[in-house]
Amino acid sequence: DMKNAVIGNNKQKANLIVLGAVPRLLYLLQQETSSTELRTECAVVLGSLAMGTENNVKSLLDCHIITALLQGLLSPDLKFIEACLRCLRTIFISPVTPEDLLYTDATVISHLMALLSRSRYTQEYICQIFSHCCKGPDHQTILFNHGAVQNIAHLLVSTSYKVQMQALKCFSVLAFENPQVSMTLVNVSVDGELLPQIFVKMLQRDKPIEMQLTSAKCLTSMCRAGAIRTDDSCIVLKTLPCLVRMCSKERLLEERVEGAETLAYLIETDVELQRTASITDHLIVMLADYFKYPSSVSAITDIKRLDHDLKHAHELRQAAFKLYASLGANDEDIRKKIIETENMMDRIVNGLSESSIKVRLAAVRCLHSLSRSVQQLRTSFQDHAVWKPLMKVLQNAPNEILVVASSTLCNLLLEFSPSKEPILESGAIELLCSLTQSENLALRVNGIWALMNMAFQAEQKIKSDILRGLSTEQLFQLLSDSDVNVLMKTLGLLRNLLSTRPHIDHIMSTHGKQIMQAVTLILEGEHNIEVKEQTLCILANIADGTTAKELIMTNDDILQKIKYYMSHSNAKLQLAAMFCISNLIWNEEEGSQERQDKLRDMGIVDILHKLSQSSDPNLCDKAKTALQQYLA
Amino acid sequence: MAEAGAGSLHGGDAAPPSPPREQELSRRLRRLYPAVNQDETPLPRSWSPKDKYNYIGLSQGNLRVHYKGHGKNHKDAASVRATHPIPAACGIYYFEVKIVSKGRDGCCEILHSKEETFQERVFGFVFSPLPPAIPECLLEKRYMGIGLSAQGVNMNRLPGWDKHSYGYHGDDGHSFCSSGTGQPYGPTFTTGDVIGCCVNLINNTCFYTKNGHSLGIAFTDLPANLYPTVGLQTPGEIVDANFGQQPFVFDIEDYMREWRAKIQSTIKRFPIGDRLGEWQAMLQNMVSSYLVHHGYCSTATAFARVTDTTIQEEQTSIKNRQRIQKLVLAGRVGEAIEATQQLYPGLLEHNPNLLFMLKCRQFVEMVNGTDSEVRCFGARSPRSQDSYPGSPSLSPRHGSNNSHLHSTGADSPTCSNGVMSTKSKQSHSKYPTLSSSSSSSSSSSPSSVNYSESNSTDSTKSQQHSSTSNQETSDSEMEMEAEHYPNGVLENSSTRIMNGTYKHEEILQTDESSMEDSCPQRQLCGGNHAATERMIQFGRELQMLSEQLCREYGKNTMHKKMLQDAFSLLAYSDPWNCPVGQQLDPIQREPVCAALNSAILESQNLPKQPPLMLALGQASECLRLMARVGLGSCSFARVDDYLH
């Protein structure tokens with residue numbers, strides 16, 4: 001009847017919906033008085049409708065089908081429950097269905113958990129619903145708290161492949177970036193076997209690819225969460241090689257994308273895994289193939305096909321860039337190998353200007369990773385004028401790209417980077433200064449960081465440009481930033497600005513008052529050792545100036561603070577304070593005698609004597625040198 | 001001092017391989033490469049002391065290789081090959097080499113002490129040994145190649161430099177494919193690393209591993225019959241090979257699993273065209289003809305009914321054959337001959353060879369005391385020895401009628417009669433029906449091919465598999481079937497074997513009366529004097545028949561041998577426990593039975609072999625042929641895998 005008419009026929013389905021069959025079916029479905037056979041048939045027909053186009057699903061959702069079906073799950077009849085679950089499954093895996101609909105009623109989850117024991121069909125459908133509706137840590141926590149791990153674990157050894165697979169998928173989404181779930185998983189055992197062992201068995205090469213890949217994802221999440229060590233053989237000898245295999249040409253495009261992305265995630269922070277991956281199965285060369293899709297320009301007549309191809313091409317490229325980024329994150333030799341891969345730099349440069357945000361982002365990440373090499377900065381980065389497209393990316397890009405791009409820029413602005421000059425000329429200061437005003441913390445850090453790098457051993461003009469571009473207000477704004485990273489980099493910038501005597505005197509003559517104020521504030525404030533050390537170093541730089549010295553000598557408050565830090569319990573701070581003193585009492589300079597006298601009166605010499613007996617050789621040396629200035 | 005250093009290095013680990021270790025290796029190799037017929041194509045087990053350049057030294061059971069040349073330049077390169085080439089039937093072959101020392105520092109001591117020492121050449125004085133004057137530039141470049149080469153490739157070279165030679169070199173990580181210049185391939189390797197080399201004989205490629213990590217394909221289009229090869233060129237270089245002696249660092253079995261799955265799915269997906277109906281009809285036909293061939297009359301009828309097919313042969317004809325076969329298998333050859341002559345007149349006259357074979361068997365059965373001609377002399381129930389132990393009977397030994405199919409068939413009696421070997425120590429094993437026990441051999445001989453086919457006339461229920469069913473029934477039938485018959489068959493003469501009887505067979509219907517036999521000793525012709533006389537007389541007749549055949553058809557060595565063997569039985573006081581005692585084993589009735597069955601079928605213009613067996617034989621032979629011509633995929637498509 002109706003069922004047979006609609007199955008496999010999208011036109012019929014649409015017709016039926018237009019004719020208003022959905023409310024009628026739902027009515028029959030909810031009617032307690034109708035026979036279960038009828039209600040089951042209704043669920044089947046609705047399920048078939050949901051199998052159609054996305055519009056079908058939308059119409060069904062508009063009729064509140066989910067509530068009706070969830071209600072149906074309370075029925076005692078298993079066949080009916082299965083039909084409802086099947087229909088729910090179909091609806092929830094549709095991209096148009098909001099996942100949150102599953103979590104509106106807390107009792108739903110626990111009821112679903114209870115239904116897991118009913119039959120292999122309930123198991124399959126429920127696991128599939130969970131794995132599709134578990135997005136983000138909130139959902140993970142809800143499912144976890146409802147005992148998802150315990151309830152689903154034993155399904156991994158089910159005799160039904162479908163159940164096994166859906167359970168496995170559940171775990172891959174539950175464990176993703178979730179230390180709580182991951183830590184629990186390592187200790188769960190089924191039939192006397194720990195889950196990691198079960199996952200490793202699923203990695204065996206004769207298992208279906210889907211199973212190998214999903215299992216590798218589970219192990220990857222567990223490893224990244226710290227539940228499994230990175231040098232554990234199940235990671236090094238099983239998961240990693242499996243993921244590399246997924247990147248091979250023989251695999252489907254989707255598998256290659258997922259494989260590369262998962263591998264990138266697995267090895268991201270571990271240099272040993274990066275090294276192992278880099279030698280496994282010619283991975284670096286294999287990835288180059290990701291850029292060769294679509295291989296031949298397919299006939300443009302088929303627009304749909306073209307669209308599909310392009311999407312895949314984007315996915316492949318971004319996955320390859322991501323994996324290259326992870327591979328080259330720490331090891332210079334690997335970076336070299338990557339860059340030596342055919343047309344690599346050209347590919348990255350092209351990637352930077354791709355229309356797809358995903359590809360652009362991945363390309364920038366890759367560039368960032370490779371930019372952590374002195375040698376590459378000096379050679380291939382220069383040869384390919386990478387800075388040009390990079391600067392372009394930085395003009396009005398979404399924040400996520402901006403963060404990585406500005407990070408890369410930081411490296412390109414390093415003193416030894418030949419790109420520094422042209423970048424400056426193309427108006428980087430203005431751009432970076434504007435970044436420091438961003439709401440986004442990472443952007444602020446990167447902005448000030450880049451400025452700091454830029455100021456290092458820079459000429460007077462650049463320094464002035466930076467100060468002018470930044471404005472004093474902004475500088476002080478940054479010095480009172482709540483984030484310690486921003487503060488540190490700002491202090492670093494100040495320190496770099498205040499180097500070489502003429503620069504020091506020049507800057508202090510214009511901004512002296514504010515700088516001294518800020519320094520005082522920071523030394524008085526609650527800051528960690530590194531911040532204070534950096535601040536004392538700034539003072540030491542100021543003390544090295546010719547006229548700038550006086551700003552310290554006339555400020556008793558600051559002098560007292562320096563004295564205090566000379567006797568501080570932390571040797572780093574003591575040393576930094578001593579640098580200040582040294583610079584102030586240095587003989588051959590004008591007015592050194594008066595300064596020496598003033599400081600002696602403050603009791604600095606006594607402290608120096610004490611420090612010259614110190615067990616710390618650095619302190620001891622420094623104190624002795626300082627005392628010699630008095631003897632001369 | 002030098003001596004001590006060397007001693008510690010060489011004696012440090014593992015003593016020379018002992019026999020148990022060798023056994024362990026054999027076990028491991030069999031598990032890794034089950035498809036390899038090691039008699040035909042032995043597997044590499046060590047380096048060959050004959051197939052090496054003289055700068056190579058071997059130790060530790062020819063597994064450790066060290067360099068003992070000057071190592072000045074590439075002319076001092078030296079290689080060694082394994083004892084045997086890699087058999088194609090491996091499918092996937094793998095070996096590992098551990099770099100014990102990359103040479104260079106410290107190694108010179110070993111060199112000078114072990115080999116011709118510097119000191120010895122100087123009379124009278126003992127100079128302290130000089131450090132070797134190897135130029136720095138050479139020390140910087142370590143040469144060490146691991147790979148494959150064909151027989152006859154120059155051993156004064158590193159693997160990879162010449163035609164039919166392939167290598168992966170440690171100094172630069174390059175691969176050398178029959179060329180003096182390498183290609184960038186993998187990482188470099190050095191002391192402590194374990195390098196593996198895997199040859200895929202299915203697609204003829206090779207990849208290496210380093211410390212358990214696959215490095216990717218190194219060579220393609222490899223020729224057949226390559227030997228594992230290692231080449232050294234620097235004093236002090238030492239490497240240890242692992243041809244399966246130890247577990248491998250790389251998980252080769254996982255790789256094999258992938259290829260097994262690949263090949264099996266290829267077979268599974270092999271297109272059989274759109275003649276699906278025809279395909280099914282053919283399969284049904286094969287099953288049906290098999291059943292008919294072996295005389296499983298009722299099963300065949302049932303099968304024909306269900307599948308809506310027709311049986312070529314007449315029911316009665318099947319039953320006749322069945323009856324004759326049973327007689328032979330029961331050792332009552334005389335009656336079988338009689339029945340054949342009656343039912344198929346002229347058959348034996350036209351097949352004098354078959355007749356002679358039958359008569360020889362009859363003689364053997366007389367010795368055994370089972371043939372009716374001697375049994376009738378016994379004071380015991382004339383039918384008492386009808387039983388055929390374990391009744392592997394109608395379940396044929398595959399290959400026995402087609403001996404080239406299964407070379408192992410002949411020397412593994414467990415093949416169809418596993419009962420005999422596995423249960424021999426049980427004095428009360430009972431086999432109530434023909435059918436139930438036929439499959440019990442499956443547990444004892446995994447290599448044998450088994451079909452459990454029911455031959456019972458009552459129903460197909462008795463088609464139960466294996467030992468469980470016969471255990472269940474044996475208890476219940478114990479009391480009914482209290483007959484115990486001595487049936488000298490066993491190697492252990494003191495063990496008395498008790499055989500069950502079948503009870504529902506038509507020819508045995510009169511034998512319901514049972515009797516006890518308590519005689520612990522097997523005796524010639526059942527120990528009856530008259531019977532012995534009859535036997536001797538029969539022997540004379542047989543001799544005469546032989547002479548007659550010889551006159552008519554010329555000499556026949558086969559006949560002569562048969563006759564000789566049969567008569568030899570009389571030369572021993574205990575024929576069951578003599579060099580030719582094998583003949584008395586009931587299992588020997590099977591080839592005779594099969595030959596007779598085939599002859600009858602042939603005379604009726606029916607195929608003398610069931611098509612199913614023919615197909616099976618062809619498949620097995622095809623795989624063996626594949627192994628011979630170097631098609632590695634044969635290793636993952638075992639016929640046995642499809643027969644359980």
Side-chain angles (χ1 to χ4, degrees), chain A residues 161 199-213 215-216 231-251 263 267 272-289 327 331 333-334 336-342, chain B residues 91-92 94 96 168 170 172-175 183-190 193-198 200 202-203 205-220 247-269 635-637 641:
Chain A
Y161 172 73
F199 290 143
V200 166
K201 272 195 187 158
M202 291 176 163
L203 289 180
Q204 284 183 356
R205 290 179 174 214
D206 53 352
K207 294 280 188 293
I209 297 299
E210 187 190 27
M211 179 174 265
Q212 292 184 39
L213 184 53
S215 177
D231 59 356
D232 192 301
S233 71
C234 82
I235 297 296
V236 187
L237 291 175
K238 298 288 174 194
T239 311
L240 187 145
C242 171
L243 288 171
V244 174
R245 287 200 301 276
M246 296 302 142
C247 299
S248 103
K249 244 184 189 165
E250 290 165 40
R251 301 275 73 82
L263 185 57
I267 65 174
E272 276 311 314
L273 289 181
Q274 289 160 10
R275 288 192 183 123
T276 304
S278 75
I279 62 160
T280 301
D281 285 343
H282 297 130
L283 178 63
I284 292 175
V285 181
M286 204 197 291
L287 279 179
D289 287 339
L327 280 167
D331 188 288
D333 289 339
I334 300 179
K336 197 161 167 277
K337 260 166 94 180
I338 293 174
I339 286 174
E340 281 168 1
T341 311
E342 51 165 324
Chain B
I92 308 277
Y94 185 70
E96 279 179 352
Y168 165 35
D172 53 8
H174 285 187
S175 63
Q183 298 289 319
Y185 169 67
T188 57
F189 55 85
T190 182
D193 285 330
V194 176
I195 302 301
C197 176
C198 177
N200 182 330
I202 300 159
N203 59 12
T205 59
C206 160
F207 67 87
Y208 288 90
T209 67
K210 180 182 172 181
N211 301 325
H213 298 287
S214 160
L215 304 178
I217 299 285
F219 310 114
T220 56
F248 292 122
V249 180
F250 176 71
D251 191 349
I252 188 65
E253 282 161 75
D254 199 26
Y255 182 70
M256 288 174 166
R257 268 197 289 270
E258 181 181 345
W259 277 90
R260 185 171 299 121
K262 264 188 204 174
I263 290 185
Q264 289 179 355
S265 79
T266 310
I267 294 173
K268 216 167 156 185
R269 287 200 307 258
S635 68
F636 297 128
D641 293 344

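A note on names: the letters A, B, ... follow the listed sequences, proteins ahead of strands, and every chain is numbered from 1. All values below come from the heavy atoms of this structure, side chains included, with hydrogens, waters and symmetry mates left out. The structure displayed is predicted, hence computed values, not measured ones.
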> Say you draw a straight line from OH of B/Y185 to CD1 of A/I279; how long is it, rounded to the nearest 0.5 Å?
Replying inline: 9.5 Å
>> Tell me every residue that passes side-chain hydrogen bond (donor to acceptor under 3.5 Å, both in side chains) with B/Y94, counting only those two or more places apart in sequence or in another chain.
In response: B/E96, B/T209
> From B/E253 CD over to A/D206 CG, what is the distance, rounded to the nearest 0.5 angstrom?
Replying inline: 11.5 Å
>> Going by side-chain hydrogen bond (donor to acceptor under 3.5 Å, both in side chains), name the residues that satisfy it together with B/D254, two or more places apart in sequence or in a different chain.
In response: B/R257
> Tell me, side chain or backbone of A/K207 under 4.5 Å from chain B's heavy atoms, or both, or neither?
Replying inline: neither
> Among B/P187, B/G173, B/P184, which residue forms the greatest number of heavy-atom pairs with chain A at distances under 4.5 Å?
Replying inline: B/P187
> For B/F207, is it the side chain, the backbone, both, or neither that has a heavy atom closer than 4.5 Å to a heavy atom of chain A?
Replying inline: neither
> Using a cut-off of under 4.5 Å for heavy-atom pairs, which of B/S265, B/S214, B/A261 has the most such pairs with chain A?
Replying inline: B/S214
> In terms of side-chain geometry, is the basic nitrogen of A/R205 or B/D251 positioned less than 4.0 Å from the acidic oxygen of its partner?
Replying inline: no
> With only heavy atoms counted, which part of A/T280 is less than 4.5 Å from chain B, the side chain, the backbone, both or neither?
Replying inline: both
>> Could you go through B/K262 and A/E250, starting from their C-alpha distance and side-chain angles, then the distance that decides it, and tell me whether this counts as salt bridge (Lys or Arg N to Asp or Glu O under 4.0 Å)?
In response: CA-CA 12 Å; B/K262 264 188 204 174; A/E250 290 165 40; 3.7 Å; yes
> How many angstroms lie between atom CG of B/L215 and atom CG of A/L283, to the nearest 0.5 angstrom?
Replying inline: 12.0 Å
> Under the 3.5 angstrom rule, does the side chain of B/H213 hit a backbone N or O of A/D281 as a donor-acceptor pair?
Replying inline: no
> Between A/V285 and chain B, which part of the residue has a heavy atom less than 4.5 Å away: side chain, backbone, both or neither?
Replying inline: neither
> When rounded to the nearest 0.5 angstrom, what is the spacing between CD in A/Q204 and CD in B/E258?
Replying inline: 11.5 Å
